Engineer: 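Input: one structure, supplied below.
Remember, predicted model here, so these are calculated numbers, not experimental data.
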Amino acid sequence: MIADDDEKWLAAAIAAVKQHAFYMQRAIDSNNLKDALKFSAQMLSELRTSKLSPHKYYELYIRVFNELGTLEIFFKEETGRGCSIAELYELVQHAGNILPRLYLLCTIGSVYIKSKDVTATDILKDLVEMCRAVQHPLRGLFLRSYLAQVTRDKLPSIGSDLEGDGDAHMNALEFVLQNFTEMNKLWVRMQHQGPSREKDKREKERNELRDLVGKNLHVLSQLEGVDLGIYRDTVLPRILEQVVNCKDELAQCYLMDCIIQVFPDDFHLQTLDVLLGACPQLQPSVDIKTVLSGLMERLSNYAASSVEALPNFLQVEAFSKLNYAIGKVVEAQVDLPAAASVTLYLFLLKFTLHVYSDRLDYVDEVLGSCVTQLSATGKLCDDKAAKQIVAFLSAPLEKYNNVVTILKLTNYPRVMEYLDHETNKAMAIIIVQSVLKNNTHIATADEVDALFELAKGLIKDFDGKVDYEIDEEDFQEEQNLVARLVHKLYSDDPEEMSKIIFTVRKHILAGGPKRLPLTIPPLVFSALKLIRRLRGGDENPFGDDASATPKRILQLLSEASTVEVLSDVSAPDLALRLYLQCAQAANDCELETVTYEFFTKAYLLYEEEISDSKAQVTALRLIIGTLQRMRVFNVENRDTLTHKATGYSARLLRKPDQCRAVYECSHLFWADECENLKDGERVVLCLKRAQRIADAVQQMANASRGTSSTGSVALYVELLNKYLYFLEKGNPQVTGDTIQSLAELIRSETKKVESEPFINSTMRYIEFQRQQDGMDEKYEKIKMEWFE
Amino acid sequence: MVLVLALGDLHVPHRAADLPPKFKSMLVPGKIQHIICTGNLCIKEIHDYLKTICPDLHIVRGEFDEDARYPENKTLTIGQFKLGLCHGHQVIPWGDLDSLAMLQRQLGVDILVTGHTHQFTAYKHEGGVVINPGSATGAYSSINQDVNPSFVLMDIDGFRAVVYVYELIDGEVKVDKIEFKKPPTTNSAP
């Protein structure tokens, strides 16, 4: 109902304004000054209403304002026609009520200023004083607003033609300051009008009017002649005086923000202590952090956009002032939520990173202040605060793009201590990703240690408790990050690199069974790379027991529970592969015992842990392939290992697999580049053994009628190819006869099944080889009479 | 003109953090019709990455691959060429060309692509061509002492295959090319 009434009254008032304006216009058109004044006064009387809300009053005001414009033009013309300003002034004074009279005086006054009969200063002074007569907050605000609007472009300034005496711009300043002060007082008074239950409504209404007051500050900022000196000595102190003294939360909050937004950044920089000094004097309920955040953000942007201004920041000691002010705020507001105080420090940190990026001590100080604050609240448990802390910690990472710089900030890990487990891990991921993205190389063991400490949320379980809720794929992706990280840790100095490896190992081993299969391999390969480097360099004759040698590192991998742990955590296949890699490295270093040890471990795993038949086939292949390349063994060791390997081959689950593994073992008795490792006889023994297994396969196939026997024929063809291989290599035990008899066997078998492409390609190979120079003898005995 | 990317032995994250940035910027999605990969990626993320470069991805199993479902070997036909793909740890002695030739005869292919040695090779013999694209990340190898990151791009057009090898040496990408022609009358299979 109230709203409806509001609409009704507004409509009525507007109608009345329209009507009076119509008559006023008619009077103007017929140059009837007296009537014009009469009707304008009546029109202005509508603004005397108390019935309208501020929003509606504004609408009415706008209507009237537009009409007054016409009137102002008329007054100007009248003065041109001989009516003196003084006379107009006098006439207006006779208007009945004070409000219309004042509006008219302001209108004429603005015309008066332009005529230059009297100085602008005197008029302005007069008007601003006279407006005091209206103490009703709403009406007074709009009246003064009108005064400000109508005099706006007529304010005396340096170099303008309105300048009366030397201090004209000071007087203009004084005018605006006074108008501002009075308007603020009226605005604040609105808070106390009416019943307390309507407080919220009043605050809402006040908010709608705030720009009327703020406009004055805007005008001040645009006045010519308001340089830094005047701002510092007059403008700012006067504004702050009013802000503090009005003791009104709404006004203080708005006006502080207004000051910060409206005046130039270098002014703020130079008056920083004055501005910050006002903060503690404000009402306790004022949201200081918004004010300070706004200020710091502006200053950050200022620093970012103009490099020439940076020395000024240092000169005024902006950092220490802001740091101190924030400390005071946080101290004073005891129940400030964690998220809010962190946000405050976040802004200070961003500011510091922008302005003082090379001052790590400042950055560290901000981190330290945050730690102090967090220590009061304890470990965080709300999401908002956690998010802010992540933003806080990410800021220096993004700025420097170099984790090594972050590692120098002593307070950085301390902040991380206050994160809950999940957020800590999220932050660790961000840090590791930063290293990978920026391709940062970490070159000392100490830095590696510090980095892994920082990232411990990712590297190990929190308090030994396994996180069961995590998705498998996500977990693997996370650990793969750690694995990739290992490859970014590198030092040119082998000693340092060795220390790095030991450090990484220390951290990784604490990771628990789920992590080890993902993190141990990169560690092992990093070590193997170092071993290769050491092998290339000179042995240090003066090195002490602790210095890095291939042997020591291999020992680390073999004995000190590095690869070993993998078999404990159900990754025997991986462990076996890593042992074989280590064996090769040891072989290259000519460390026979160590190499033998690795093989022993691999064999043990094969015998005891690898039970899946497919896995066995692959594992055995790898064993044979590795063993074939070993050159470090004496005859005895070699024989032992070879014998075992062939034994394993013959005992694989499926006969075809057995056959293949056994014929692969033939290579164990033949090293192409090493004369005393060519045992032609044992090669042939192996191949014959393989053939017997193939025969067995053949028999089984024949027994079960209807089963195609291509499987066994394929084995024979493979064997044939192996014989050809050794024939080519010059194994004296492999003769044309051997091959011919096998070829005939194949021929007889293939009569029963379709010919295989493998046979054809082998045939072509034989023919091709026969054509080569000097090959006649070898291939003489091989007569391949194929069917068709 | 059919572009085939051949690469493998990346060993991420066991032995390398990622492909070299210079290679990554060259491998632009949409330009390549097939990818043949010799294996040892080793993780799903690399598989997914390769799929973004080209959805037609053929991959065989390396001994360190996380995914056990990749086949031991694979054959496919592109243009007039039959290609065979196998990681190579299955062929003993490792890197021995005669043993690889045997595998080639067994698979009945014109071009055999294998890896494991982390050493680029392109070798022509009686039965066809053996190509090893090396390690795309320059990963550590117990077989090859000095590994440079490398990969191969084949341009197959009917009976003609041009093999481009890209190698990262001392921070610079070096390119070399070899051409193979398949005689039209010869068939690998009846």
Engineer: Highest number of heavy-atom pairs under 4.5 Å with chain A: which of Val91(B), Ile92(B), Ile43(B)?
Structural biologist: Ile92(B)

Engineer: Nearest 0.5 angstrom please: Phe525(A) CZ to Ser142(B) OG, how far?
Structural biologist: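 Phe525(A) CZ to Ser142(B) OG: 8.0 Å, rounded to 0.5 Å.
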
Engineer: Using non-hydrogen atoms and a 4.5 Å limit, figure out which bit of Leu574(A) sits close to chain B: side chain, backbone, both or neither.
Structural biologist: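 Interface part for Leu574(A): side chain.
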
Engineer: State, without any angle test, whether Gln145(B) and Arg535(A) hold a side-chain donor-acceptor pair at a distance under 3.5 Å.
Structural biologist: yes

Engineer: Begin from the C-alpha positions of Arg105(B) and Asn721(A) and carry the test side-chain contact (heavy atoms from CB on, under 4.5 Å) through to its verdict.
Structural biologist: CA-CA 9 Å; Arg105(B) 292 193 285 276; Asn721(A) 275 273; 2.8 Å; yes

Engineer: Is it the case that over 12 heavy atoms from other parts of the model lie below 6.0 angstrom from the NZ atom of Lys174(B)?
Structural biologist: yes

Engineer: Can you measure from CG (Asp98(B)) to OH (Tyr765(A)) and round to the nearest 0.5 angstrom?
Structural biologist: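 Output value for this atom pair is 5.5 Å.
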
Engineer: How about Pro93(B) and Tyr725(A): do any of their side-chain heavy atoms sit closer than 4.5 Å?
Structural biologist: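 They are in side-chain contact.
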
Engineer: Side chain, backbone, both or neither: which part of Thr626(A) has a heavy atom under 4.5 Å from chain B?
Structural biologist: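 When you check distances to chain B, atoms from both the backbone and side chain of Thr626(A) fall under 4.5 Å.
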
Engineer: Among Ala483(A), Pro522(A), Ala619(A), which has the most heavy-atom pairs under 4.5 Å with chain B?
Structural biologist: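 Winner by heavy-atom pair count: Pro522(A).
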
Engineer: For the residue pair Trp94(B) and Leu622(A), establish whether any side-chain heavy-atom pair is separated by less than 4.5 Å.
Structural biologist: yes

Engineer: Under 4.5 Å heavy-atom distance to chain B, tell me which part of Glu718(A) shows up: side chain, backbone, both or neither.
Structural biologist: both

Engineer: As an exercise: rank Leu528(A), Val617(A), Asp573(A), Leu724(A) by heavy-atom pairs under 4.5 Å with chain B and give me the winner.
Structural biologist: Leu528(A)

Engineer: With rounding to the nearest 0.5 angstrom, report the CD to CD1 distance, Gln90(B) to Ile624(A).
Structural biologist: 12.5 Å

Engineer: Please rank Asp18(B), Leu107(B), Asp96(B), Val12(B) by heavy-atom pairs under 4.5 Å with chain A and give me the top one.
Structural biologist: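 If we count pairs closer than 4.5 Å to chain A, Asp96(B) comes out on top.
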
Engineer: Below 4.5 Å from any heavy atom of chain B, which atoms of Asp588(A) appear? Answer side chain, backbone, both or neither.
Structural biologist: side chain

Engineer: Look up atom OG in Ser526(A) and atom CZ in Arg15(B), then write down how far apart they are to the nearest 0.5 Å.
Structural biologist: 12.5 Å

Engineer: Would you mind reporting whether Tyr140(B) and Arg532(A) have side-chain heavy atoms less than 4.5 Å apart?
Structural biologist: yes

Engineer: Hey, is NZ on Lys24(B) packed in by over 12 heavy atoms from elsewhere, all under 6.0 Å?
Structural biologist: yes

Engineer: Under 4.5 Å between any side-chain heavy atoms of Gln106(B) and Thr762(A), yes or no?
Structural biologist: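 The answer is no; the side chains never approach within 4.5 Å.
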
Engineer: Under a 4.5 Å heavy-atom cut-off, does chain A meet the side chain of Ser99(B), its backbone, both or neither?
Structural biologist: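 Both parts, backbone and side chain.
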
Engineer: Counting heavy-atom pairs under 4.5 Å with chain B, which one of Lys488(A), Gln769(A), Arg660(A), Glu477(A) comes out on top?
Structural biologist: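 The candidate making the most pairs under 4.5 Å is Glu477(A).
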
Engineer: Is the count of non-hydrogen atoms from other residues, nucleotides or ligands lying under 6.0 Å from Glu179(B) atom CD greater than 12?
Structural biologist: yes

Engineer: Using heavy-atom distances under 4.5 Å, tell me whether Arg629(A) contacts chain B through its side chain, its backbone, both, or neither.
Structural biologist: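 Contact with chain B is through the side chain of Arg629(A) alone.
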
Engineer: Could you check Glu45(B) against Arg484(A) for salt bridge (charged side-chain N to carboxylate O under 4.0 Å, His left out), going step by step and ending with a plain yes or no?
Structural biologist: CA-CA 12 Å; Glu45(B) 281 128 83; Arg484(A) 292 192 209 216; 3.3 Å; yes

Engineer: Please determine whether side-chain contact (heavy atoms from CB on, under 4.5 Å) holds for the pair Phe64(B) and Gln581(A), giving the CA-CA distance in whole Å, both sets of side-chain angles, and the decisive distance to 0.1 Å.
Structural biologist: CA-CA 12 Å; Phe64(B) 279 97; Gln581(A) 291 284 333; 4.0 Å; yes

Engineer: Between the main-chain N or O of Glu63(B) and the side-chain N or O of Arg577(A), is there a donor-acceptor pair closer than 3.5 Å?
Structural biologist: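 Yes: the side chain of Arg577(A) pairs with the backbone of Glu63(B).
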
Engineer: Please walk me through it: do Gln476(A) and Lys44(B) pass side-chain contact (heavy atoms from CB on, under 4.5 Å)?
Structural biologist: CA-CA 10 Å; Gln476(A) 283 189 357; Lys44(B) 186 174 171 295; over 6 Å; no

Engineer: Phe768(A) and Glu126(B): which non-hydrogen atoms are nearest, and at how many Å?
Structural biologist: CG-CG, 3.2 Å

Engineer: Please check this pair: side chain of His487(A) against backbone of His14(B), looking for a donor-acceptor N/O pair closer than 3.5 Å.
Structural biologist: yes

